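Throughout, residue positions are numbered sequentially from 1 according to the sequence presented. What you are looking at is a predicted structure, and each value in this text was computed from that prediction instead of being measured.
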Amino acid sequence: MPNLGPWCLGLTLSLAFVPPLLSAPTTEGPGYRKRENPLDLVGVDYLRDGLNVLLIVVDDLRPALGCYGEVLVKSPNIDQLASRSVVFQNAFAQQAVCAPSRVSFLTGRRPDTTRLYDFNSYWRVHSGNYSTIPQYFKENGYVTLSVGKVFHPGISSNHSDDFPYSWSVPPFHPSSEQYENSKTCKGQDEELHANLICPVDVADMPEGTLPDKQSTEEAIRLLEKMKRVDDLFFLAVGYHKPHIPFRYPKEFQKLYPLENITLAPDPHIPFGLPPVAYNPWMDIREREDVQALNISVPYGPIPAEFQRKIRQSYFASVSYLDSQVGHLLNALDELQLSNNTIVAFVSDHGWALGEHGEWAKYSNFDVATRVPLMFYVPGRTASFTSPGQKLFPYIDPFDSPSHVKVPGRRATELVELVSLFPTLSELAGLNIPPRCPFESFNIELCVEGPSLVRYLNFTEWEEDFFYSTRKPLELVAYSQYPRPADTPQWNSDKPHLKDIKIMGYSIRTVDYRFTVWVSFNPENFTADFTNIHAGELYFVDSDPLQDHNVYNQTVGIY
């Protein structure tokens, strides 16, 4: 073993400064004049020629897609989008839980700047009046529209999805969403339960539908309306699946015979994993079918047969999601909007399917932080279509060919979701928001990530968009996760701010993932990097699944 102690110490010290943890006075957002009927104002003279934006945000989707090399999963419509896009192979979320991640990438600020590590504060009041991606587009003349789960609902978006700051009209939420955690899953006893695994007959569901189906229908209706008014729009569509519970049309389960489902390649808790790094997946344990297994807390393993059922239903949920994305993109084609609409596809974070003995997000591992990210740009990542030609015809996952469409272009650089804001701005021809200074709590418009346009590697004739100089070895991605204690407990997955005592800061490079768990003060939002509770170090080449923590070996040498 080489003497890596000083090297690890240097990394630890660097984490003390990136990202910064600063105190700043709480500020209220300025007043906002509400427009009476924003859609009636489209067509005003200040709108310029440009590109629309369709932002598709998915919940809990790891890169379990054909275009990312997952051979088992049937995702023909997303793969088709990938074949017309630049696909980032190594994109990472900044915190692997819904509200903090979404607020982070929609504002372009890291969790230590939004000061949102749980679900219980609104950044405009709690930390600073930061601009959002849709707000910036709205201020630049776009009609901005939200469908489904874009911001996380609740106080983290002011119980309004940040309307009217971010959206021209009140956001749409599917009415059937209220039944997601209800007893709608038929068990073997023919009774209805609130289960984790929940394939259903859609006709038997309350309102005879499911949330993602309603979101697709509403998004298509809005596309039709914006086509008629013929002005620039920014439409964000947030899909719920494959978020738990796995409630999806039962026919999708047939795509994944249980005998074809394998277990995770590393289903056991890694030797040397510090207890603070483990998440006990408490929300999974609350489901009736999981409760019936009587699994010990926190480390008790799920029986192998039930593990296969979980993985089967996750993949089936992905294929159901794919069908909804396919219908949405097909409508973009049918309305002849694909020639002037950027499509960005992203997930808020990943999801563990048994890796390291875990069944959730709530960690700094790659499986929880790595996400799919792709951009379709008309005329650049794919040629313009002729009349009658379609880029995104709907593909039935039950009839799709066995071969997978490969991504149009792959970008292998390590990138972060905080770069989504400047990237969409540059692609749409807007001014790129400035980079934030070290302390930015009082600055409304700035971002903490660079634009990714330089890595999109457009066609060679687009010389003004092509950057030949790349330095991937210099790129890093930062993630973090809070814990209430050094050992797993009931609130380890989702601690409230007041209960956070430890923060795990993680650096991912092309060579390694390095994490230190340090003391954290939730009252002044500061981390003490001189008080290290535990550390993790995994080398990508020799340990790609991050199963062998060598941190203690290296620190001992120093």
Side-chain angles (χ1 to χ4, degrees), residues 29 55-62 92-135 144-167 170-181 211-212 214-215 218-219 235-245 279 282-283 321 344-351 360-363 368-369 371 417-418 420-421 479-482 491 493-497 500:
L55 171 62
I56 301 173
V57 181
V58 185
D59 207 344
D60 290 10
L61 178 64
R62 59 196 258 164
F92 292 89
Q94 275 49 77
Q95 187 176 327
V97 68
C98 297
S101 177
R102 289 165 186 263
V103 169
S104 175
F105 69 70
L106 288 167
T107 62
R109 317 270 186 132
R110 301 181 187 280
D112 279 338
T113 306
T114 66
R115 291 177 169 172
L116 180 66
Y117 314 103
D118 57 11
F119 298 78
N120 304 313
S121 64
Y122 179 42
W123 78 91
R124 293 188 190 273
V125 174
H126 186 63
S127 54
N129 188 38
Y130 310 143
S131 297
T132 68
I133 300 174
Q135 178 184 352
T144 56
L145 307 162
S146 174
V147 172
K149 185 178 178 182
V150 180
F151 283 100
H152 193 279
I155 187 58
S156 64
S157 57
N158 202 32
H159 297 287
S160 66
D161 291 351
D162 198 45
F163 175 79
Y165 287 98
S166 289
W167 310 109
F172 169 87
H173 284 279
S175 58
S176 63
E177 182 182 333
Q178 62 184 305
Y179 308 108
E180 273 294 274
N181 296 303
D212 285 347
Q214 286 186 288
S215 291
E218 175 65 11
L235 171 61
V237 182
Y239 286 111
H240 286 75
K241 293 301 140 215
H243 192 287
I244 62 171
N279 76 77
M282 296 303 293
D283 48 0
L321 159 74
F345 180 95
V346 67
S347 173
D348 53 359
H349 44 69
W351 183 268
K361 42 227 180 184
Y362 314 132
S363 82
T369 56
V371 297
L417 293 192
V418 285
L420 186 62
F421 193 157
S479 302
Q480 62 188 100
Y481 209 86
N491 63 340
D493 294 343
K494 294 182 285 188
H496 290 181
L497 175 62
I500 298 172

With a 3.5 Å distance limit and no angle check, can you tell me whether Asp348 reaches the backbone of Ser101 through a side-chain donor-acceptor pair? no
May I ask you to decide if Arg109's main-chain N or O and Ser104's side chain share a donor-acceptor pair within less than 3.5 Å? yes
Any residue meeting ring-ring contact (aromatic ring centres under 6.0 Å, His included) with Tyr362, in chain and number order, not counting sequence neighbours: none
Tell me, please, which residues at least two apart from Asp60 pass salt bridge (charged side-chain N to carboxylate O under 4.0 Å, His left out). Lys361
In the structure I gave you, are the side-chain heavy atoms of Ser146 and His173 within less than 4.5 Å of one another anywhere? no
Considering only heavy atoms from C-beta outward, does the side chain of Val150 approach that of Trp167 to under 4.5 Å? yes
Going by heavy atoms in the side chains, are Pro174 and Glu218 under 4.5 Å from each other? no
Evaluation steps, side-chain contact (heavy atoms from CB on, under 4.5 Å), between Val97 and Asp118: CA-CA 8 Å; Val97 68; Asp118 57 11; over 6 Å; no
According to side-chain hydrogen bond (donor to acceptor under 3.5 Å, both in side chains), who are the partners of Ser160, at least two apart in sequence or on a separate chain? none
Residues which pass side-chain hydrogen bond (donor to acceptor under 3.5 Å, both in side chains) with Thr144, listed by chain and number, not counting sequence neighbours: Ser168
Are Val371 and Phe105 side-chain neighbours, meaning at least one heavy-atom pair lies under 4.5 Å? no
Ile244 side chain near Trp351 side chain, heavy-atom distance below 4.5 Å: yes
Quick one, Ser156 and Leu116 - any side-chain contact, counting heavy atoms below 4.5 Å? yes
List the residues meeting side-chain contact (heavy atoms from CB on, under 4.5 Å) with Pro245, not counting sequence neighbours, and say none if there are none. Glu180, Asn181, Arg287
Taking side chain as C-beta onward, heavy atoms only, is Val418 less than 4.5 Å from Arg110? yes
Applying salt bridge (charged side-chain N to carboxylate O under 4.0 Å, His left out), can you list everything that pairs with Glu177, at least two apart in sequence or on another chain? none
If the condition is ring-ring contact (aromatic ring centres under 6.0 Å, His included), which residues does Phe119 pass it with, not counting sequence neighbours? His152
Ser479 (side chain) donor-acceptor with Ala93 (main chain) under 3.5 angstrom: yes
How would you list, by chain and number, every residue that makes a side-chain hydrogen bond (donor to acceptor under 3.5 Å, both in side chains) with Thr369, sequence neighbours excluded? Arg513
Taking ring-ring contact (aromatic ring centres under 6.0 Å, His included) as the definition, give me every residue that meets it alongside Phe151, ordered by chain and number, with sequence neighbours left out. Trp123
Counting distance only, does the side-chain N/O of Gln94 pair as donor-acceptor with the main-chain N or O of Pro111 below 3.5 Å? no
Partners of Asp162 by salt bridge (charged side-chain N to carboxylate O under 4.0 Å, His left out), sequence neighbours excluded? Arg124
Pairing residues for Asp59 by the side-chain hydrogen bond (donor to acceptor under 3.5 Å, both in side chains) criterion, not counting sequence neighbours: Lys149
